[in-house]
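The block underneath contains the structure these notes are about, expressed in structure tokens.
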There are 2 protein chains.
Amino acid sequence: MPPEPYTVGRQVSVRRPASIKDVAAAAGVSPTTVSHVLSGNRPVNEHTAARVRSVVNRLGYVPASLARSLQAGSTSVIGLLIPDISNTFFAELAKGAEDAAHDLGYGLILCNTEFDADREDRYLGMIRSRFIDGMVYASGSPPSRRRLEALMGKFPIALADEEVEGLQGALIATADHEAGGRLVGEHLRALGHRRALMLTGPRALKSGVARAQGFVRAFGGEVVERVGDFKESSGYRLVADLLDRGGLDCTAVFAANDLMAFGALTALREAGLSVPDDISVAGFDDIRAASLAHPPLTTVHQPAYDVGRTATAQLLQYVTRGEVPPASRHTLPVELKVRGSTAPATALRHR
Amino acid sequence: MPPEPYTVGRQVSVRRPASIKDVAAAAGVSPTTVSHVLSGNRPVNEHTAARVRSVVNRLGYVPASLARSLQAGSTSVIGLLIPDISNTFFAELAKGAEDAAHDLGYGLILCNTEFDADREDRYLGMIRSRFIDGMVYASGSPPSRRRLEALMGKFPIALADEEVEGLQGALIATADHEAGGRLVGEHLRALGHRRALMLTGPRALKSGVARAQGFVRAFGGEVVERVGDFKESSGYRLVADLLDRGGLDCTAVFAANDLMAFGALTALREAGLSVPDDISVAGFDDIRAASLAHPPLTTVHQPAYDVGRTATAQLLQYVTRGEVPPASRHTLPVELKVRGSTAPATALRHR
DNA sequence: TTGTATGCGTTATCAA
DNA sequence: TTGATAACGCATACAA
């Protein structure tokens, strides 16, 4: 019979970690003194302090942050609510948020919702139960907007990347979606395109709407809109459907994000069309794969990292100092990356 | 003078949230009864319960999870320590971890270390201060290994993706790195390659070492090894240096991860070499960009999501039930994805 | 069916 | 320079 493989297990359950009382008793002082030795909040006799510190080391005492938080009324932890961490855009955003949080000694709870309303609600519950001091909210599912609205009146919440329809007075950091759409519109127009297919995101998400608006205005030509859901599959499906029905009579496609652009690219390739010779394609986000794709995707670079970092820094400035940040709204600049997937319009052919 | 823009701010700081005492007082019962109405831990008169519930709603009472955690001795939160969330491999892993945690009602704190030892230490401090119930540890910086070892004797820690040299008896979920290297070795050998350049990761990371070992054994031919750091820049630099000095006398490059493979690809392209006509390139990980690159990258698919999910599930089984999981080690299968970046060896040319 | 008293581990207040 | 006590907000053992 083999020996118990996990001494780990036993130790965890059996040995109770040392508390401040244990240290105080062993050092022959009061818990108050121990606390002050560790915090430096008031002077302690050097001799006493040394004795306490030695006991702390011997017992391996580490203050229970939970008790500290209960006493202090805050946990030094915030949440980051996003739909999908495996989307590189949100991963970059998360990195910025984590950096900003770490800079101020805050922890960050990853709230990945997959656009699921129940999941989002559960995570928002963490702020109501005051387990987190605040929440950076990036693009949730529309159904929870009402609940969000109620929360924003009571708890610190900052919006990142995505405006929420009808919500105002909020802290918000977002890329300039409208300008991004405009840049693509101008670019395609300059290339001689006059008829374009626009793959939008869900109407409820303002970022996608803004991109579409900026595009339509700047492009000037004829634009057919199809509503997608920001997933690769929907970009594929929308374009494939149009091709099947022979209804793709345009020379350019603008997808409201790169994933849908990739879907479109696949559908076009399967139909035997060449990008950009037969048709141009542009995306939005500039995820890592965009520059590595074949052809490299013309797209709008979003400062995802900065969006996450800025929104979080704003939130924390508010959380830590109880201050209203100097600017409640940050609109971060975007940049058009012209790559190989767009080219001058060719004569329209029947398909 | 504009009105105070943030009523939010005032409410947060002024109104103290209702406590269980407030509810008890308003409902004319004891805090104990309120507690039991909400927890269902003991029967309560239906009439009384209804009254309590109504007060709970009116006051918007939500139990402070902090106090609950202090009493219960656990927070229902664990940590996920990774080097870089913007690497899609770790993003996928994080998604799996988050899913597993969410399934069991646990929160997940994102500990992004950038391979920084201080940052890692700070995050490991969260487990010592018992703010988190456990930690999923994926590939940290070698310097902290000793500290990790000490922690594993006292706190629940599961290793994901990366073994840690000299650590044993641990919960661990990892991809079969050695088999992955072997698959690439066999593949290149079958294509007629006999001389290969191997870009490894840091020697301290066993995953990279295992990949290299599997490769070298299965390949059989001559292998030149160069040590990189898993970053795109090092893949570029290593290959560029060899090219500069005319020392790249091989027909294939195997990079221990996709990022370095991309760096190599760039260096080769800049040198006017064609992949795979002049030289074959293979990677490891199968990050999203791999299939979209030009040419599409032959690589080893790692089940990143499953690695994260499995490691987390193991950890939580241990954390929640105090049980030793049935298997302490999970080695997950990998899969070779043959794409366009590898081809039959061509006659060796002088470069 | 309900209430009282105690403890979780810390820090702040007040007193010495 | 130090300590006793209360308080943070909850859950539970024990008592009624």
Side-chain angles (χ1 to χ4, degrees), chain A residues 13 15-53 55-56 59-77 125-133, chain B residues 13 15-53 55-56 59-77 125-133:
Chain A
S13 52
R15 201 149 66 193
R16 196 204 50 169
S19 80
I20 198 169
K21 280 185 189 170
D22 300 326
V23 176
V29 298
S30 74
T32 306
T33 297
V34 176
S35 175
H36 286 120
V37 168
L38 265 44
S39 72
N41 276 352
R42 87 180 178 193
V44 175
N45 178 292
E46 191 41 55
H47 200 68
T48 312
R51 197 167 70 248
V52 169
R53 269 190 280 268
V55 173
V56 164
L59 267 48
Y61 168 67
V62 180
S65 48
L66 216 53
R68 201 173 253 181
S69 293
L70 180 61
Q71 152 71 29
S74 85
T75 59
S76 290
V77 173
M126 298 187 86
I127 200 172
R128 308 194 68 204
S129 72
R130 285 144 286 155
F131 191 85
I132 56 179
D133 293 346
Chain B
S13 52
R15 201 150 64 195
R16 197 205 47 171
S19 80
I20 197 170
K21 278 186 192 170
D22 300 327
V23 175
V29 298
S30 74
T32 306
T33 298
V34 176
S35 173
H36 286 121
V37 167
L38 265 43
S39 72
N41 277 352
R42 88 179 179 193
V44 175
N45 177 293
E46 191 43 55
H47 201 67
T48 312
R51 197 167 70 248
V52 168
R53 270 189 281 268
V55 172
V56 164
L59 267 49
Y61 169 66
V62 179
S65 48
L66 216 52
R68 198 174 257 179
S69 293
L70 180 62
Q71 148 74 26
S74 86
T75 60
S76 290
V77 173
M126 299 186 86
I127 201 174
R128 307 193 69 204
S129 72
R130 285 144 287 155
F131 191 85
I132 55 178
D133 293 345

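Keep in mind that the numbers below use all heavy atoms, side chains included, and drop hydrogens, waters and symmetry copies. Proteins get letters first, then strands, A, B, ... in listed order; numbering begins at 1 in each.
Across its full length, the helix from C:dT1-D:dA16 to C:dA16-D:dT1 shows an angle of 40° between the axes of its 5 terminal pairs at either end, rounded to 10 degrees.
Computed from coordinates, the B:Leu66 CG to C:dT11 C1' distance equals 14 Å when rounded to whole Å. We find that CD of A:Gln71 is positioned 14 Å from C1' of C:dC8, with the value rounded to whole Å.
In B:Arg130, the CZ atom is crowded: over 12 heavy atoms of neighbouring residues, nucleotides or ligands sit closer than 6.0 Å.
Regarding contacts with the backbone of C:dT10, every side-chain N or O of A:Ser69 stays at 4.0 angstrom or more from both OP1 and OP2. Phosphate contact (OP1/OP2 of C:dT2, side-chain N/O of B:Thr33, threshold under 4.0 Å): absent.
Atom-to-atom distance recorded for A:Ile127:CD1 and A:Asp133:CG is 8.5 Å, nearest 0.5 angstrom. One finds the CD1 atom of B:Ile20 at 7.5 Å from the OG1 atom of B:Thr32 (value rounded to the nearest 0.5 Å).
Considering all non-hydrogen atoms of both residues, A:Ala24 and A:Pro31 come closest at CB-N, 3.5 Å. A:Thr48 and A:Thr33 get closest at one heavy-atom pair: CG2-CG2, 4.2 Å.
A:Phe131 pairs by the ring pair (Phe, Tyr, Trp, His ring centres under 6.0 Å) definition with B:Phe131, not counting sequence neighbours.
Comparing B:Pro31 and A:Pro31 by the nucleotide of DNA chain C that holds the closest heavy atom to each, the one mapping nearer the 5' end is B:Pro31. Along DNA chain C, the nucleotide nearest to A:Ala72 and the one nearest to B:Ala67 differ in position, and the one closer to the 5' end is contacted by B:Ala67.
Within residues 36-47 of chain A, the residues approached by DNA chain D to less than 4.0 Å at the level of any non-hydrogen atom are A:Arg42, A:Pro43, A:Val44, A:Asn45, in residue-number order. Within residues 17-30 of chain A, the residues approaching DNA chain C are A:Ser19, A:Ile20, by heavy-atom distance under 4.0 Å.
Every pair passing salt bridge (Lys or Arg N to Asp or Glu O under 4.0 Å) that includes a residue from residues 34-48 of chain A is listed here, sequence neighbours excluded: A:Glu46-A:Arg53.
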Side chain to side chain contact (heavy atoms under 4.5 Å, CB included) evaluation trace for B:Val77 with B:Met126: CA-CA 11 Å; B:Val77 173; B:Met126 299 186 86; over 6 Å; no
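You'll find the side chain of A:Val62 stays beyond 4.5 Å of the side chain of A:Pro17, heavy atoms only.
Distance alone, capped at 3.5 Å, is enough to place a donor-acceptor pair between the B:Ser65 side chain and the A:Ser129 backbone. In this structure a side-chain-to-backbone donor-acceptor pair under 3.5 Å is missing from A:Asn41 to A:His36.
Checking each of A:Leu38, A:Val34, A:Val37 against A:Val23 for a side chain to side chain contact (heavy atoms under 4.5 Å, CB included) leaves exactly one that passes, namely A:Val34. Checked against A:Arg68 for a side chain to side chain contact (heavy atoms under 4.5 Å, CB included), the options A:Ser35, A:Ser74, A:Pro63, A:Ser39 give a single hit: A:Pro63.
Taking every nucleotide of DNA chain D with any atom under 4.0 Å from a non-hydrogen atom of chain A, the first and last of them, 5' to 3', are D:dT1 to D:dG9.
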